[in-house]
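Side chains are part of it too, since the values below use all heavy atoms of this structure and drop only hydrogens, waters and symmetry mates.
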Amino acid sequence: QGPNNDLSALTPVLTTVSPSSGTILGGTTVVIVGQNLLGTQPTINGTPLTVTAQTATAIVATTPPGAVGPAVLRVTHPNGCQAQGTFTYL
């Protein structure tokens, strides 16, 4: 039997980001909830968040500084699979 090439078990799913907005100065603590999050790296517009806790279903992280307006929050698994949501800088 060959290796399991089904990536669906490793594909992150992003359900909620709370809070969904924060200051442009960064430093907002966000809770990212979903599935298959263990081992993923969260970023906002490509800039890594500072992760303080991480499980398969949640990530607690601190936002980097950003520009006013909506930004793409993405979680990327080492296998390349990713999920995305939105975080708004105020």
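- Note on Leu90: it does not cluster hydrophobically with Ile44, by side-chain heavy-atom contacts below 4.5 Å among ILVMFWY residues.
- Under the 4.5 Å side-chain contact rule for hydrophobic residues, Val60 and Val33 share a cluster.
- In this structure, the side chains of Pro65 and Ile24 stay at 4.5 Å or more apart for every pair of heavy atoms.
- Taken to the nearest 0.5 Å, the CG atom of Asn79 stands 5.0 Å off from the CG atom of Leu10.
- The shortest distance between side-chain heavy atoms of Thr86 and Pro70 falls below 4.5 Å.
- Atom CD in Gln54 sits 8.5 Å away from atom CD1 in Ile32 (nearest 0.5 Å).
- Using a 4.5 Å heavy-atom threshold, the side chains of Cys81 and Pro12 count as touching.
- When all heavy atoms of Gly85 and Leu14 are compared, the closest pair comes out as N-CD1, 4.1 Å.
- Among all heavy-atom pairs drawn from Pro64 and Leu49, the shortest one is CD-CG, 4.0 Å.
- Val30 places none of its side-chain heavy atoms less than 4.5 Å from the side chain of Ser18.
- Judged by distance alone, the side chain of Thr88 and the main-chain N or O of Ser21 form no donor-acceptor pair under 3.5 Å.
- Taking the side chain as every heavy atom from C-beta outward, Thr40 and Thr76 never approach each other to under 4.5 Å.
- Put simply, Val51 and Val17 are part of the same group of oily side chains (I, L, V, M, F, W, Y) that touch within less than 4.5 Å, one to the next.
- Distance check, rounded to the nearest 0.5 Å: OG1 of Thr47 to CG of Leu73 gives 11.0 Å.
- Separation of atoms NE2 (His77) and CG (Leu38) is listed at 8.0 Å; rounding is to 0.5 Å.
- Atom CD of Gln35 sits about 6.0 Å away from atom OG1 of Thr15, to the nearest 0.5 Å.
- Tyr89 places a side-chain heavy atom less than 4.5 Å from the side chain of Thr63.
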